[in-house]
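Index from 1, following the sequence. From a predicted model like this one, the values you see are computed outputs, not experimental measurements.
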Amino acid sequence: MASLILPLLGGALIGLSASLLLWLNGRIAGVSGIAGGVFGAVRGDRGWRLAFLAGLLGGGLLLRFAWPGTLGAPPVSSPWWLVVAGLLVGVGTRLGNGCTSGHGVCGVSRGSLRSVVATLTFMATAILTVFVVRHVLGGAT
C-alpha cells in the first residue's frame with residue numbers, strides 16, 4: 001500500500017496542475033507544446049511556459065533531494081540511449097500533434113477521440129519498445 005502513495009499523489013498533482021492551468025490560464029497542459037512554444041512564442045506568451053517548465057524540473061530536483069530513493073536509478077547507463085530516445089519522443093510528439101500529457105491527461109479527460117487514439121498508439125509503441133530493448137537487444141546499457 002505504501003508503494004502506491006507516491007504514484008497516487010503524483011497523479012493527483014498532475015491532474016490538479018493541468019486543471020489549474022486550464023482554469024486560470026485557459027491553456028492545455030501538453031508539455032511538448034509548452035516546451036515547443038517557448039522558442040516560437042508570441043510576445044507575452046513565453047513567461048508562463050518557462051514557469052511551467054521550471055516547475056516540472058524543480059519538482060523533480062526537489063523530489064531527488066528530499067527523497068533520493070523515490071525516483072530510482074536511471075533506466076539506461078548510456079547517454080546515447082537517452083539522446084536517441086529523446087529524439088524519437090520529439091518526432092513522435094510532432095507526428096501525433098501532442099504528447100502523453102496533452103493527449104493522455106488532458107485530451108482523454110475531455111473526451112477527445114483523437115487523444116484516445118494517440119494515447120493508445122503511445123502505449124502500444126511503448127510496449128513494443130520495451131519488448132525490443134529488453135528481449136531483442138538484450139537491454140539498454
* To do: Starting from the C-alpha separation in whole Å, work towards a yes-or-no answer on side-chain contact (heavy atoms from CB on, under 4.5 Å) for V105 and T100.
  => CA-CA 7 Å; V105 174; T100 52; over 6 Å; no
* Structure fact -> Here the ring pair (Phe, Tyr, Trp, His ring centres under 6.0 Å) pairs for residues 82-134, sequence neighbours left out, are F131-H135
* **Members sharing L113's hydrophobic cluster (side chains within less than 4.5 Å)** => V117
* Asked: Remaining members of V116's ILVMFWY cluster at a side-chain heavy-atom cut-off under 4.5 Å?
  -> V108, L120
Tabulate below the donor-acceptor pairs under 3.5 Å that side-chain atoms of residues 4-26 make, not counting sequence neighbours, or state none.
unit_1	atom_1	unit_2	atom_2	d
S17	OG	L13	O	3.1
S17	OG	I14	O	2.9
S19	OG	G15	O	2.9

* Asked: Taking ILVMFWY side chains as joined if any heavy atoms are under 4.5 angstrom apart, and letting links pass through other members, which residues group with M123?
  -> none
* Structure fact -> Hits for side chain to side chain donor-acceptor pair (under 3.5 Å) against T125, two or more places apart or cross-chain, chain-then-number order -> none
* Tell me, which pairs form a salt bridge (charged side-chain N to carboxylate O under 4.0 Å, His left out) where one or both residues lie in residues 99-127, sequence neighbours left out? -> none
* Common cluster, W81/L88, ILVMFWY with side-chain heavy-atom separation under 4.5 Å -> no
* Evaluate side-chain contact (heavy atoms from CB on, under 4.5 Å) for V84 paired with L87, printing each intermediate quantity in order. => CA-CA 5 Å; V84 169; L87 289 172; 5.8 Å; no
* Listed once per pair and sorted, the side chain to side chain donor-acceptor pair (under 3.5 Å) pairs that draw on residues 85-99, sequence neighbours left out -> none
Pairs under 3.5 angstrom only: tabulate donor-acceptor contacts from the side chains of residues 29-40 to other protein residues two or more places apart or in another chain.
none

* Can you list every pair that meets salt bridge (charged side-chain N to carboxylate O under 4.0 Å, His left out) and has a residue in residues 13-39, with sequence neighbours left out? -> R27-D45
* Qualifying residue for side chain to side chain contact (heavy atoms under 4.5 Å, CB included) with T129, from I127, V132, V133 -> V133
